[in-house]
Amino acid sequence: PGPNTIRVRATDTSHNQSKDATVTVSFVVVSPLTVNINGSGTVSPNLNGTQQPVGNTIKLTAKPGTGQVFSNWVVGDDTITTAALSFVMQTNEVVTANFVPNPFGPVVGTYQGLIYDTNGLTPQSSGFFNAKLTGSGAFTAKLIFAGKSLSLSGAFSAGGVFSNSIPRKGSTPLSVQLNLDIATGDLTGVFSDGTITTKL
């Protein structure tokens with residue numbers, strides 16, 4: 001598998017030899033890819049049952065059906081919660097896209113809260129959080145942290161988890177971890193600039 005260099009020379013009956021002629025060819029090993037879908041949704045492009053080159057990077061995107069949300073991918077022993085998937089093709093690869101009924105209907109709304117350091121209140125570690133959550137689990141948020149206004153948007157996983165970072169001009173990015181309790185509608189979180197860790 002992979003690139004192979006072939007060198008050929010001719011020899012006559014007097015043992016005279018030609019110069020080497022060289023060519024490089026690639027031997028591509030292909031294997032079947034199985035894409036399973038649990039729940040209602042689609043995967044694009046549709047590569048289920050196709051032969052794919054082993055070692056190539058494959059990219060797939062999951063889209064939930066009506067009344068469903070994307071939960072996760074299962075690739076081997078790995079679980080990935082982003083709808084866009086990128087993986088290296090293995091022999092007889094099997095990937096599974098899992099969709100679940102939309103859990104966000106009862107918790108749609110506006111959320112507001114305070115950000116502060118539980119070990120002591122300071123202007124540098126305090127702020128205010130305001131977010132609007134839609135029925136798909138997507139949200140947009142505005143927050144004031146250390147006196148600066150910041151924006152954040154994204155989507156919660158089917159389990160109510162979100163993590164990302166907010167770039168800040170002239171300062172380190174602010175990492176964000178949010179947890180939405182689907183059963184109660186409670187929204188909690190942790191913000192950190194690498195030095196100070198605060199809670200929502």
Side-chain angles (χ1 to χ4, degrees), residues 30-54 56-113 115 128-143 149-167 173-191 199-200:
V30 295
S31 187
L33 170 62
T34 301
V35 181
N36 297 319
I37 297 176
N38 292 327
S40 176
T42 59
V43 172
S44 62
N46 182 6
L47 300 179
N48 183 40
T50 62
Q51 298 286 328
Q52 296 295 324
V54 174
N56 272 20
T57 298
I58 307 293
K59 295 183 178 181
L60 301 173
T61 302
K63 184 179 179 181
T66 303
Q68 301 265 304
V69 294
F70 172 73
S71 175
N72 58 62
W73 292 98
V74 176
V75 183
D77 296 328
D78 297 327
T79 300
I80 299 96
T81 57
T82 56
L85 173 68
S86 178
F87 64 96
V88 176
M89 178 69 186
Q90 305 296 324
T91 303
N92 296 317
E93 187 75 83
V94 177
V95 301
T96 302
N98 294 306
F99 302 93
V100 296
N102 187 344
F104 295 107
V107 293
V108 169
T110 301
Y111 290 78
Q112 296 178 334
I115 302 170
F128 180 73
F129 181 87
N130 182 24
K132 291 184 179 179
L133 178 68
T134 70
S136 66
F139 70 91
T140 55
K142 299 286 185 182
L143 59 147
S149 179
L150 302 171
S151 297
L152 176 67
S153 63
F156 286 99
S157 69
V161 177
F162 172 83
S163 63
N164 207 336
S165 62
I166 306 173
L174 185 67
S175 68
V176 180
Q177 294 181 345
L178 300 177
N179 291 282
L180 176 65
D181 189 323
I182 303 297
T184 65
D186 290 338
L187 178 62
T188 57
V190 175
F191 297 84
K199 291 186 176 182
L200 169 64

**Student:** Does any donor atom in the side chain of Gln52 or Thr50 lie under 3.5 Å from an acceptor atom in the other side chain?
**Tutor:** yes

**Student:** Among Leu152, Leu187, Asn179, find the one that has a side-chain contact (heavy atoms from CB on, under 4.5 Å) with Phe162.
**Tutor:** Leu152

**Student:** Give me the atom names and distance for the closest heavy-atom approach of Ala158 to Pro103.
**Tutor:** O-CG, 3.9 Å

**Student:** Run the numbers on Val75 and Glu93 for side-chain contact (heavy atoms from CB on, under 4.5 Å), then give the verdict.
**Tutor:** CA-CA 8 Å; Val75 183; Glu93 187 75 83; 4.0 Å; yes

**Student:** Indicate yes or no: at least one non-hydrogen side-chain atom of Thr81 is less than 4.5 angstrom from one of Val161.
**Tutor:**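 Thr81 vs Val161: side chains apart.
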
**Student:** Can you tell me how far the CG atom of Asn38 sits from the CD atom of Gln68, to the nearest 0.5 Å?
**Tutor:** 10.5 Å

**Student:** State, to 0.1 Å, how close Ser71 and Val100 come at their nearest heavy-atom pair, and which atoms those are.
**Tutor:** CB-CG1, 4.0 Å

**Student:** Calculate, to the nearest 0.5 Å, the distance between atoms CG and OG belonging to Leu143 and Ser149 respectively.
**Tutor:**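 Between Leu143 CG and Ser149 OG, I get 7.5 Å after rounding to 0.5 Å.
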
**Student:** Applying side-chain contact (heavy atoms from CB on, under 4.5 Å), can you list everything that pairs with Ala155, at least two apart in sequence or on another chain?
**Tutor:** Ala138

**Student:** Measuring only between side-chain heavy atoms, which start at C-beta, is Met89 closer than 4.5 Å to Ser31?
**Tutor:** yes

**Student:** Hey, what do you get for OG (Ser163) to CG (Leu178), rounding to the nearest 0.5 Å?
**Tutor:** 9.0 Å

**Student:** Do the non-hydrogen side-chain atoms of Ser44 and Leu60 ever get within less than 4.5 Å of each other?
**Tutor:**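 Of all side-chain heavy-atom pairs linking Leu60 with Ser44, none is under 4.5 Å.
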
**Student:** Using every non-hydrogen atom in the two residues, find where Pro32 and Asn92 come nearest and quote the distance to one decimal.
**Tutor:** CG-OD1, 3.3 Å

**Student:** Around Gln177, counting heavy atoms of other residues, nucleotides and ligands shown, do more than 12 lie under 6.0 Å from its CD?
**Tutor:** no

**Student:** Tell me which one of Ile58, Thr57, Val54 satisfies side-chain contact (heavy atoms from CB on, under 4.5 Å) with Val88.
**Tutor:** Thr57

**Student:** Could you check whether any side-chain heavy atom of Leu85 comes within less than 4.5 Å of a side-chain heavy atom of Val43, counting everything from C-beta outward?
**Tutor:** no

**Student:** Have Thr110 and Lys132 got a donor and an acceptor in their side chains that come within less than 3.5 Å?
**Tutor:** no

**Student:** Against Asn48, only a single residue in Ile37, Thr34, Val95 fulfils side-chain contact (heavy atoms from CB on, under 4.5 Å); can you say which?
**Tutor:** Thr34

**Student:** Do Thr66 and Ser40 pass the side-chain contact (heavy atoms from CB on, under 4.5 Å) test, and can you show the C-alpha distance, the side-chain angles, and the key distance before you say yes or no?
**Tutor:** CA-CA 8 Å; Thr66 303; Ser40 176; over 6 Å; no

**Student:** Any ring pair (Phe, Tyr, Trp, His ring centres under 6.0 Å) pairs touching residues 82-113, not counting sequence neighbours?
**Tutor:** Phe70-Phe99

**Student:** Do you know which of Asn98, Asn72, Thr96 makes side-chain contact (heavy atoms from CB on, under 4.5 Å) with Thr79?
**Tutor:** Asn72

